[in-house]
There are 4 protein chains.
Amino acid sequence: MIIIMNRPTDRQIERIMAKLAQKGIETYQLKSGGKTIIAVTDHTAVEHAELFERMPGVEKVVAVSKPFKLASREFRREDTQVAVKNVIFGAKEIPVIAGPCAVESYEQLHQTAIAVKQAGARMLRGGAYKPRTSPYSFQGLEKEGLEILQAVGRETGLPVITEVTDTRAVELVADYADMLQIGARNMQNFALLKEVAQIKKPVLLKRGVSATVEEWLMAAEYIMVGGNEAVVLCERGIRSFETYTRNTLDLSVVPLIKHLSHFPIIVDPSHGTGKWRLVGPMAKAAVAAGADGLLIEVHPWPEDALSDGPQSLTPANFNQLMQELADIAQAVGRNI
Amino acid sequence: MIIIMNRPTDRQIERIMAKLAQKGIETYQLKSGGKTIIAVTDHTAVEHAELFERMPGVEKVVAVSKPFKLASREFRREDTQVAVKNVIFGAKEIPVIAGPCAVESYEQLHQTAIAVKQAGARMLRGGAYKPRTSPYSFQGLEKEGLEILQAVGRETGLPVITEVTDTRAVELVADYADMLQIGARNMQNFALLKEVAQIKKPVLLKRGVSATVEEWLMAAEYIMVGGNEAVVLCERGIRSFETYTRNTLDLSVVPLIKHLSHFPIIVDPSHGTGKWRLVGPMAKAAVAAGADGLLIEVHPWPEDALSDGPQSLTPANFNQLMQELADIAQAVGRNI
Amino acid sequence: MIIIMNRPTDRQIERIMAKLAQKGIETYQLKSGGKTIIAVTDHTAVEHAELFERMPGVEKVVAVSKPFKLASREFRREDTQVAVKNVIFGAKEIPVIAGPCAVESYEQLHQTAIAVKQAGARMLRGGAYKPRTSPYSFQGLEKEGLEILQAVGRETGLPVITEVTDTRAVELVADYADMLQIGARNMQNFALLKEVAQIKKPVLLKRGVSATVEEWLMAAEYIMVGGNEAVVLCERGIRSFETYTRNTLDLSVVPLIKHLSHFPIIVDPSHGTGKWRLVGPMAKAAVAAGADGLLIEVHPWPEDALSDGPQSLTPANFNQLMQELADIAQAVGRNI
Amino acid sequence: MIIIMNRPTDRQIERIMAKLAQKGIETYQLKSGGKTIIAVTDHTAVEHAELFERMPGVEKVVAVSKPFKLASREFRREDTQVAVKNVIFGAKEIPVIAGPCAVESYEQLHQTAIAVKQAGARMLRGGAYKPRTSPYSFQGLEKEGLEILQAVGRETGLPVITEVTDTRAVELVADYADMLQIGARNMQNFALLKEVAQIKKPVLLKRGVSATVEEWLMAAEYIMVGGNEAVVLCERGIRSFETYTRNTLDLSVVPLIKHLSHFPIIVDPSHGTGKWRLVGPMAKAAVAAGADGLLIEVHPWPEDALSDGPQSLTPANFNQLMQELADIAQAVGRNI
């Protein structure tokens, strides 16, 4: 931490130094051109940074260390690999998770699962608890949805992932799913993060719609600190001023996360764009940028979907896309 | 709902019409300049809008009705008044809620409460469960914080408000607090909204950091549909590209909410700016814009605060501000 | 400037030090916890900051000094007052500039000018060169508009302001107008800034729709460095994700600019909201926040306006608003 | 255009109809559930939309037609190809434009040009007039920069592109450059757009930092309406809340522009990320998404660059990237 003071009085400097001394933090001081710069060596100091901002004479406090520790590349040099049964995220092969936004019926999910498996998907997704902007929209089949998901997963041999939205449901969802999804709206639901930190299932942590990369990695830190290291990050679009697309898919976080952290990162081009026409090109772009996986919405009859129809691919669209993705993967030295 | 089709084939129009008929929705059709426009009378149609966006030939689907019903000004013409014990939000008097970001100790809260009451505050705030970006930051005193809050509230005669962040804690928090706060990060925590809808305590619903006005009113709709009509909205700043301020306080929502909805709306200039120097001017601006209340952070020793020190006023700052606010309130025909 | 290096090699440190020495910049070095921190005293160093970011071993470069000098409060402690004929910005009285978005005809402008003057406006606005998103929209009357503006200004005794959008037109516009407006779209049209810096007329510098406060003050710096100190800043709304309002009016910049700079700042609630219903409340809020003036669109027949009808007040609306503003101004110790 | 009225009086409807009739616009009317919907057939009606928004009883005005005409895919079904000497944008081959941000000296540009040509670049970039946030930053070599650029272009046989920032300089720049760049800050400098519309050189139109896709295409419409059809669009990152990257590169516009328009679109990952480490991955992603070209900053000694050093590749980085790009291009059926 560096504390920059602008033309401070001696008394103001003394108060800062006393407070630092009281916390047992070692400091270095430097005066130049009206500014007094106090550098602090303690790595935990970042948590105290805001205290100093309010003190008289202080102009700015700058963090030197990054606020995430366990999630950082410095903490672990090699890439973390996360296994969901036989599917590995963070390895040479790029797994594709596919399925409908919401589980609507056994028939719908089963038909989708057969189709996406045939096309090369390695995991099945399907929401049982749906966070919806409107209380009048379909909220998911809840427990029945979990049962369908588990059954279809077993029949097809595809590991399954579904979203958990309530601390009280974590145990239940973990009983049925092979991987738990924390949705964008819950990325900073810290009670929920602490709860999934304590189960023994891998977690897919979606980026909040207006979360900075730092806040996202801090959310991952919550899970890791709580005891669960099996975290996969998922970029799914951020909120910008543009309205043609539902969200703005920020693919630059793929190489950025790889630089800052050791966690695998996958991309959801379906929510990321909200338009099925854009899903294919952005899926290919994600793989070219280095993504460790994809999460793609597929619905057998998108125009009858109970949620997110406009962004779902048909099984035929998906099948074609998987072939195109194989070529891109190969071009970056990986496979799908 | 209006469905706009661009040079559709007869078959494409037929499919749309069939799907609408199947839902029992009456329609009107209009062709002009290559476009076919299908207008739909049913007010529940907005929930189905996304289904049609994916259908062949459809260019755009436009909602005619607003998605919020019970929260809308059309549903209730007169202003809703929300009572928290003897404090009324939405009346001529403008209540100010004051107190520290987090309850840190009995002494800290008690000293603050005495001071803010003397200065004219009508309610006391203090967080017991703190949502913090970092797992290493102070997370609140939890149950002990609730006990301190209740005790100090009783001693000073100030109704108390505190945040609830977990569905499992709603009942407990409701036992101690007179009003429950849903924080910005939980505005779309729908499980939590459904839970507070079922208690008999008023709710302060903060706007999410990247929530549109429509999403915010839909969150209020969740609470009202669930049976709790005692909702007060709170603007606390949105996320923009500007970094000098912690958030961008969007005061235009004050008159906008009054136009669209019947709920009272208050403003939190402390989180809204993140800088204590800006709190006073923005509090005055909020009252001038028509706000029904204020939520202001006050800490006896801001530079020792365990959270949000830089945005807290001292009791002396707060006292002066209250006098200035009285003049503004009078200028808009109200009082504080 | 502070250069933070992460576990640098000796060679990497040497290269940084050599480059600094070569620029004749004095440095201080500090090692702690794997980080090497190099602090630099030279105030011009901020211009070189980006050079160092690319050098091996460098993690981050932090500016200590603010990039604006002449525009800063440190450069000039007292408030700058800008006179446009007999109208002063930055004094106790708060001048209101009113008039139509675009000059459409002598009759339209004359009728507006008479009305707004009677209501208490001190200056007249009207666009002759209109920057319009669409090439098919009305682009302004150009020279004819300037002539009408000047004529009506002389007849009513109101100083006039109009926008200049092209370096080639600066001289011409300055011949007709008493104050030149740089619009939001041209805030970083540096060629234009350099040109208005050389004329002897005051400049109203609107904030760009996605400009940070720092970028805005740097634009003012361009004008001041070029020789023109008569700059008035104008907040007119920034671009956010919200779509109910045309822009998000960021009133927190009013106290923020007063803290960082010595220039007067006024507010344009018409463009800032895009909705006439919100103009009044936000104008009152701006005055309460400490604004030094207002810029308000008034049109005698808003529904026939050739541009920006939906955000224009009628003369009757404006007249009522001016009375309400007088009360707010008094409440903050000023007058209108 | 569709005008939606909420519980209008007969008089309010009459006034709307009268105003439409006066403009000779044919209408269709529809009443349902308290709403009156007036649909309008005239395609020029979009320009009048804002007039109706202010009229009593009107709730919302929805555009049916897109505001851009000549720039739209409907206007021209086939892809437009833009030739800059022997380099074609919009064909199977994907041209890469490379070079330094600013022309600093003959030696710097010559050395860069030789290197990028060898690596496979097809065009040379280099700024002579630099729009810089700070008046104290290097502003470009101006005319001398143009002369160096032209000379090096001739020697290496690479067509050259440079930015024009002032209407008065358009002719001069067009004398030296093979393609003119309109930078992000000038995307809505309409005077400049009108000027480049009248020259006979192709134009690279960068997206404004907070421009919607619609505003961007309207800027292209200005150039096309003015008589110049040789427009290439360039995505270079938008402004979001994220601060790790300089901008947020919005690659979804690549397939979106191809859907909405006929113009070629290229991507600038250097400005789009501001970090050289991210340039390679995002360049590959852009090609995978379907981009028709790339604009990449290369500097022989990035740490000595007078502008934008941190985002520049070295010639060695660039050479390696070009080889990787060739594989991606092949995977999407194209070549570099």
Side-chain angles (χ1 to χ4, degrees), chain B residues 66 207-217 235 237-260 267 269 272-291 323-333, chain C residues 66 207-217 235 237-260 267 269 272-291 323-333:
Chain B
K66 298 199 184 71
R207 182 184 187 184
V209 81
S210 65
T212 63
V213 164
E214 200 167 291
E215 290 167 339
W216 191 14
L217 288 173
E235 161 67 22
I238 57 174
R239 181 152 282 186
S240 78
F241 55 81
E242 181 58 71
T243 53
Y244 258 104
T245 45
R246 181 169 170 182
N247 292 291
T248 296
L249 190 66
D250 180 9
L251 288 184
S252 67
V253 297
V254 173
L256 186 57
I257 287 288
K258 294 207 159 295
H259 181 61
L260 296 172
V267 171
T273 63
K275 296 209 186 281
W276 69 272
R277 273 175 208 285
L278 306 181
V279 171
M282 296 313 279
K284 291 192 269 181
V287 170
Q323 293 170 38
E324 295 171 15
L325 287 172
D327 292 336
I328 303 279
Q330 202 186 353
V332 294
Chain C
K66 298 199 184 72
R207 182 184 185 184
V209 82
S210 64
T212 63
V213 163
E214 200 165 292
E215 290 167 339
W216 191 13
L217 288 174
E235 161 67 22
I238 56 174
R239 181 153 281 187
S240 78
F241 55 81
E242 180 59 72
T243 54
Y244 258 105
T245 45
R246 182 169 169 183
N247 292 291
T248 294
L249 191 66
D250 179 9
L251 287 184
S252 68
V253 297
V254 173
L256 185 56
I257 288 287
K258 294 206 160 296
H259 181 60
L260 296 173
V267 171
T273 63
K275 296 208 186 282
W276 69 272
R277 273 175 208 285
L278 307 180
V279 170
M282 296 312 280
K284 291 192 270 182
V287 170
Q323 294 170 37
E324 295 171 16
L325 287 172
D327 292 337
I328 304 280
Q330 202 186 355
V332 293

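In this text the structure is predicted, and so the values were computed from the model without any measurement. Every chain is numbered from 1 and lettered A, B, ... according to where its sequence line falls, protein lines coming before strand lines.
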Listing, residues 276-289 of chain C side-chain donor-acceptor contacts under 3.5 Å, not counting sequence neighbours, or none:
unit_1, atom_1, unit_2, atom_2, d
C:K284, NZ, C:E324, OE1, 2.8

- So which of B:I238, B:V332, B:T273 has the biggest tally of heavy-atom pairs under 4.5 Å with chain C?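 Result: the option with the highest number of such pairs is B:I238.
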- Query: Can you list the residues that meet the side chain to side chain contact (heavy atoms under 4.5 Å, CB included) rule with B:D327, with sequence neighbours excluded?
  - Reply: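 Side chain to side chain contact (heavy atoms under 4.5 Å, CB included) list for B:D327, sorted by chain: C:A331.
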With only heavy atoms counted, which part of [X] is less than 4.5 Å from chain B, the side chain, the backbone, both or neither?
X      : answer
C:A211 : backbone
C:S210 : both
C:L256 : both

- Message: Are C:L249 and B:L251 packed together at the side-chain level, in the sense that at least one heavy-atom pair is separated by less than 4.5 angstrom?
- Response: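 Result no, sub-4.5 Å side-chain heavy-atom pair not found.
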- Task: Identify which part of B:S240 has an atom lying under 4.5 Å from any heavy atom of chain C, answering side chain, backbone, both or neither.
- Result: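 Looking at B:S240, just its side chain touches chain C.
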- Taking all heavy atoms of C:R207 and all of B:F241, pick out the closest pair and write down the distance.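 It is NH2-CE1, 4.2 Å.
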- Message: So, taking the atom named NE2 in B:H259 and the one named OH in C:Y244, what distance separates them when rounded to the nearest 0.5 Å?
- Response: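 One finds 8.5 Å between NE2 of B:H259 and OH of C:Y244.
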- Query: Roughly how far, to the nearest 0.5 Å, is CD of C:E242 from OG of B:S252?
  - Reply: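 Spacing of OG (B:S252) from CD (C:E242) equals 7.5 Å.
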- Query: Should we count CD of C:Q330 as having more than 12 external heavy atoms under 6.0 Å?
  - Reply: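 No, because the 6.0 Å sphere around CD of C:Q330 holds 12 heavy atoms or fewer from other groups.
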